[in-house]
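Order of listing sets the numbers, starting from 1, for every ligand and every atom in it. Basis for what follows: all heavy atoms, side chains included, without hydrogens, waters or symmetry-related copies.
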Amino acid sequence: MASRAGLFLLPFAFHSPPSLHLGRRSSSHLLMEKAAAAAAATRQITHVIFDMDGLLIDSEPFYTLVQEKVLERFNKTFDWSLKAKLMGKKAIESARIFVEECGLTGILTPEEFLEEREGLLQELFPSCQLLPGVERLISHLHVNQIPMCVATGSYKQTFDLKTQRHGEIFSMMHHIVMGDDPDVKHGKPSPDIFQVAANRFEMNVDPAEILVFEDAPAGVAAAKSAGMWVVMVPDERLDASHHKEADQILTSLLDFSPSLWGLPPFTDAA
Ligand SMILES: O=P(O)(O)OC[C@@H](O)CO
Ligand SMILES: [Mg+2]
């Protein structure tokens with residue numbers, strides 16, 4: 001369980017493939033291995049891939065609000081165990097899960113749900129704010145010329161709505177891969193979107209030199225199966241059982257320490 005200090009490094013021997021799980025450990029064993037792993041960290045991160053919804057921008061509460069509204073009509077309630085299954089997925093994939101899990105099959109089609117949801121979200125999305133620590137981290141990586149990009153399950157139309165106030169931050173990205181990109185055959189948790197994102201950097205990049213930032217279990221799983229390292233910044237209402245696959249858990253990007261991953265350290269005291 002991540003400590004409130006927000007830093008919890010799973011005991012991966014850094015030279016091994018990032019997807020190797022060392023299984024469960026007692027907490028003291030974990031702490032020892034954490035220190036050993038951090039000290040043994042020889043893996044240098046050279047490129048960064050950011051998820052967007054719930055990681056860079058605070059759009060997830062809008063999804064929750066609207067999905068609660070839809071369910072109210074059927075006297076049903078929305079909860080985080082369902083949310084955990086929807087986050088980060090392509091719109092139509094999450095719509096199918098929503099309709100099925102809420103017992104609305106035959107009452108509401110996934111397409112009808114999406115149409116209603118997107119309609120309600122149109123007014124909310126333009127007010128999306130950047131989450132804490134985003135501006136500082138992205139500006140820092142940009143100043144230090146660390147190539148970075150975005151890999152989001154959001155479709156182009158909603159991406160434009162959500163990011164319209166944050167052009168400067170997104171302009172620092174080398175490229176942006178979205179859920180309706182023709183090269184992305186399957187949404188998260190498949191590795192497709194992170195593999196497409198990695199392939200669009202200028203130079204060939206070893207996936208194990210890429211650090212992904214994610215908020216959702218599906219996104220973490222996608223990054224791991226792409227052979228990348230992943231820092232998870234989960235909503236505190238997401239059950240800790242969904243944290244297992246991440247290499248590091250933070251309560252906010254404000255707690256991120258670049259030098260732990262071989263990236264240039266922050267110079268400000270913030
Ligand atoms: O930017 P991400 O987290 O992939 O979001 C995708 C979208 O489906 C919202 O959950
Ligand atoms: Mg996300």
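- Protein heavy atom in closest approach to atom 5 (O) of ligand 1: D53 OD2, 3.1 Å.
- Across all non-hydrogen atoms, the minimal contact from L131 to I57 is CD1-O, 3.5 Å.
- Closest non-hydrogen pair, P217 versus M87, comes out as CD-SD, 4.4 Å.
- Neither the backbone nor the side chain of K90 has any atom closer than 4.0 Å to an atom of ligand 1 (non-hydrogen atoms only).
- Because the distance cut-off is set at 2.8 Å, D53 qualifies as a neighbour of the Mg ion (ligand 2) through one of its N, O or S atoms.
- Of the charged side-chain nitrogens involved, at least one lies within less than 4.0 Å of a carboxylate oxygen, so that D53 and K162 count as a salt-bridged pair.
- If you number the atoms of ligand 1 from 1 as listed, the ones under 4.0 Å from a heavy atom of K89 come out as 7 (C), 8 (O).
- In E60, the part holding a heavy atom less than 4.0 Å from any atom of ligand 1 is the side chain.
- The aromatic rings of F113 and F98 lie parallel to each other, their planes meeting at an angle below 30°, with 60° marking the opposite boundary.
- Of all N/O/S atoms in D215, OD1 sits nearest the Mg ion (ligand 2).
- Ion pair K83/D79 not flagged as a salt bridge, since none of the NZ, NE, NH1 or NH2 atoms sits closer than 4.0 Å to an Asp/Glu carboxylate oxygen.
- Scanning all protein heavy atoms for the shortest distance to atom 1 (O) of ligand 1 gives T152 OG1, 2.6 Å.
- When each atom of ligand 1 is checked for a heavy atom of G153 under 4.0 Å away, the hits are 1 (O), 2 (P), 4 (O), 6 (C).
- For the pair D181 and R200, the salt-bridge criterion is met [side-chain N within less than 4.0 Å of a carboxylate O].
- Among the atoms of E214, none of the N, O or S atoms falls under 2.8 Å from the Mg ion (ligand 2).
- Using a 4.0 Å cut-off between a side-chain N of Lys or Arg and a carboxylate O of Asp or Glu, D51 and K188 qualify as a salt bridge.
- Side-chain contact annotation: H47 with E209, donor-acceptor N/O pair under 3.5 Å absent.
- Heavy-atom separations between S154 and ligand 1 include at least one value shorter than 4.0 Å.
- The existence of a salt bridge linking E116 and K69 is excluded, since no basic side-chain nitrogen approaches an acidic carboxylate oxygen closer than 4.0 Å.
- Listed by atom number, the atoms of ligand 1 under 4.0 Å from M52 heavy atoms are 1 (O).
- Residue Q248 holds its CD atom at 6.5 Å from CZ of F256, rounded to the nearest 0.5 Å.
- Considering both main-chain and side-chain atoms, Y63 never comes within under 3.5 Å of ligand 1 through any nitrogen or oxygen pair.
- The N, O or S atom of D51 with the smallest distance to the Mg ion (ligand 2) is OD2.
- The N/O atoms of G88, backbone and side chain alike, include one that comes under 3.5 Å of an N/O atom in ligand 1.
- Some N or O of D51 is nearer than 3.5 Å to an N or O of ligand 1, by distance alone.
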